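Structure first, then comments.
No experiment lies behind these values; they were computed from the predicted model shown. Chain identifiers are assigned alphabetically (A, B, ...) following the order of the sequence lines, protein sequences preceding nucleic acid strands; residue numbering begins at 1 within each chain.
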Number of protein chains: 2
Amino acid sequence: MKRTTFAGWPCTVARTVDLIGDWWTPLVLREAFYGARRFDEFERVLGLSRNVLTQRLTRLTEEGLMARVQYQDRPPRYEYQLTEQGRDFFPVIAAMMRWGDRWLAPDGPPVLLHHETCDHDTHAEVVCAHCREPLRHAEISARLGPGFPDRHRESALATGRFDDPAMLQP
Amino acid sequence: MKRTTFAGWPCTVARTVDLIGDWWTPLVLREAFYGARRFDEFERVLGLSRNVLTQRLTRLTEEGLMARVQYQDRPPRYEYQLTEQGRDFFPVIAAMMRWGDRWLAPDGPPVLLHHETCDHDTHAEVVCAHCREPLRHAEISARLGPGFPDRHRESALATGRFDDPAMLQP
């Protein structure tokens, strides 16, 4: 499918959307978090075509979120395992689930998460890594970071969307 | 565009993906978080076609994440404002950005978030709402919740993906 690629944008939301931003990929990851590993498991639960599923698993493997691992010799058979990069996507799915539970679930959450560590039913909360308070949009501003390309810096600052760190120094 | 709809699935990740799961919608929301309100602002920064932008803004308005508000009488002009439901999506974008900064930004984060409340540069962290510890995939199990449809309960439990709350009671 022809589409715009966001991979080169100076925004990691755009890059992430480029990578996972199709309808099936987050659900393939969800199944992996539920424990699916084999092609047939993904296929049975999601009910998508083998062709589309192959594409999604291949993309997730190429991008490093899953690894294709041989689990049987004769005949050779493979399964898909989450890598560290893939497991690290779980908080994004959990944050998405929390939002959906709040706004798209009039009958209550269809699925509950249980945190084995503290032994409580729970949900995701997104907090500030520094002060641990919930991250609210109204209390956040954006600044250009070290990975922002120099050639786009001036035009980005001209949009007024970003504070200029250089101007904030005393 | 013809595609599967996930809106009726007993999973709020699927429902959320159904709603925001196209390449442009999360970026339209990102621009709204950066302060964009008028059609031309979204168009100029994102560089997408007016047709696609109209579709996305209309969908976000219909679904309750944005409100179309008249800001001028003659001629009548409208802008798009985030609603509470829309602003509440910010933590999902912030969690996505954190993952992208970690895995897709070899030159460092292109954009930094600054938490005005505690006056520190920060990033999103997804924690357990109960014990406030980071939510890690390995420490989470899933249970069927109140909003899971009764007619699918038995087959869902048969997959082995969910603990049965009824069986966990003493």
Side-chain angles (χ1 to χ4, degrees), chain A residues 3 10-17 21 23 26-27 30 33-35 85 87 89-97 99-101 103-105 107-118 120 122-131 133 135 137 139-143 145-148 161, chain B residues 3 10-17 21 23 26-27 30 33-35 85 87 89-97 99-101 103-105 107-118 120 122-131 133 135 137 139-143 145-148 161:
Chain A
R3 61 178 182 84
C11 164
T12 52
V13 175
R15 288 180 201 165
T16 306
V17 165
W23 302 295
L27 303 184
R30 183 199 68 186
F33 289 127
Y34 278 140
Q85 182 180 350
R87 285 191 299 272
F89 200 76
F90 177 75
V92 180
I93 298 275
M96 204 179 270
M97 183 176 168
W99 184 86
D101 284 346
W103 297 101
L104 309 176
D107 301 327
V111 175
L112 300 174
L113 297 184
H114 189 82
H115 195 204
E116 302 292 344
T117 319
C118 73
H120 283 87
T122 191
H123 59 258
E125 197 161 298
V126 181
V127 301
C128 166
H130 186 83
C131 72
E133 289 298 312
L135 218 50
H137 171 240
E139 297 161 356
I140 289 289
S141 60
R143 299 180 181 183
F148 202 92
R161 304 188 306 169
Chain B
R3 61 178 181 84
C11 165
T12 53
V13 175
R15 289 180 202 167
T16 306
V17 164
W23 301 296
L27 302 185
R30 182 198 69 186
F33 288 127
Y34 278 142
Q85 182 179 351
R87 285 192 300 273
F89 200 76
F90 177 75
V92 179
I93 297 275
M96 205 179 270
M97 183 176 168
W99 183 85
D101 284 346
W103 296 101
L104 309 177
D107 301 327
V111 174
L112 301 174
L113 298 183
H114 188 82
H115 195 205
E116 302 292 343
T117 320
C118 72
H120 283 87
T122 190
H123 58 259
E125 197 161 298
V126 181
V127 302
C128 166
H130 186 85
C131 72
E133 289 297 313
L135 218 51
H137 172 240
E139 297 161 357
I140 290 288
S141 60
R143 299 180 182 183
F148 202 93
R161 304 188 305 169

With a 4.5 angstrom heavy-atom cut-off, is it the side chain or the backbone of [X] that approaches chain A, or both, or neither?
{"X": "Arg30(B)", "result": "side chain"}
{"X": "Ala105(B)", "result": "both"}
{"X": "Thr12(B)", "result": "both"}

Quick check: closest heavy atoms across [X] and [Y], and the distance to 0.1 Å?
{"X": "Val111(A)", "Y": "Ala142(B)", "value": "CG1-CB, 3.9 Å"}
{"X": "Phe90(B)", "Y": "Leu135(A)", "value": "CD2-O, 4.2 Å"}
{"X": "Arg161(A)", "Y": "Tyr34(B)", "value": "NH1-CD1, 3.2 Å"}

Q: Applying side chain to side chain donor-acceptor pair (under 3.5 Å), run through His120(B) and Thr122(B) and close with a yes or a no.
A: CA-CA 6 Å; His120(B) 283 87; Thr122(B) 190; over 6 Å; no
(Q) Taking side chain as everything from C-beta outward and backbone as N, CA, C, O, which of these in Leu27(A) sits under 4.5 Å from a heavy atom of chain B? Side chain, backbone, both or neither. (A) side chain
Q | Side chain / backbone / both / neither for Ala14(A) at chain B, heavy atoms under 4.5 Å | A | both
Look only at the side chain of [X] and the backbone of [Y], and say whether a donor-acceptor pair between them is shorter than 3.5 Å.
{"X": "Arg143(B)", "Y": "Leu112(A)", "value": "no"}
{"X": "His130(B)", "Y": "Cys128(B)", "value": "no"}
{"X": "Trp103(A)", "Y": "Thr16(B)", "value": "no"}

Do you know which of [options] has the most heavy-atom pairs with chain B at a distance under 4.5 angstrom?
{"options": "Met97(A), Arg87(A), Met96(A)", "result": "Met96(A)"}
{"options": "Thr117(A), Val127(A), Leu113(A)", "result": "Val127(A)"}
{"options": "Trp99(A), Phe148(A), Phe89(A)", "result": "Trp99(A)"}

Q. What residue, out of Pro109(B), Ala95(B), Gly35(B), has the most heavy-atom pairs lying under 4.5 Å from chain A?
A. Pro109(B)
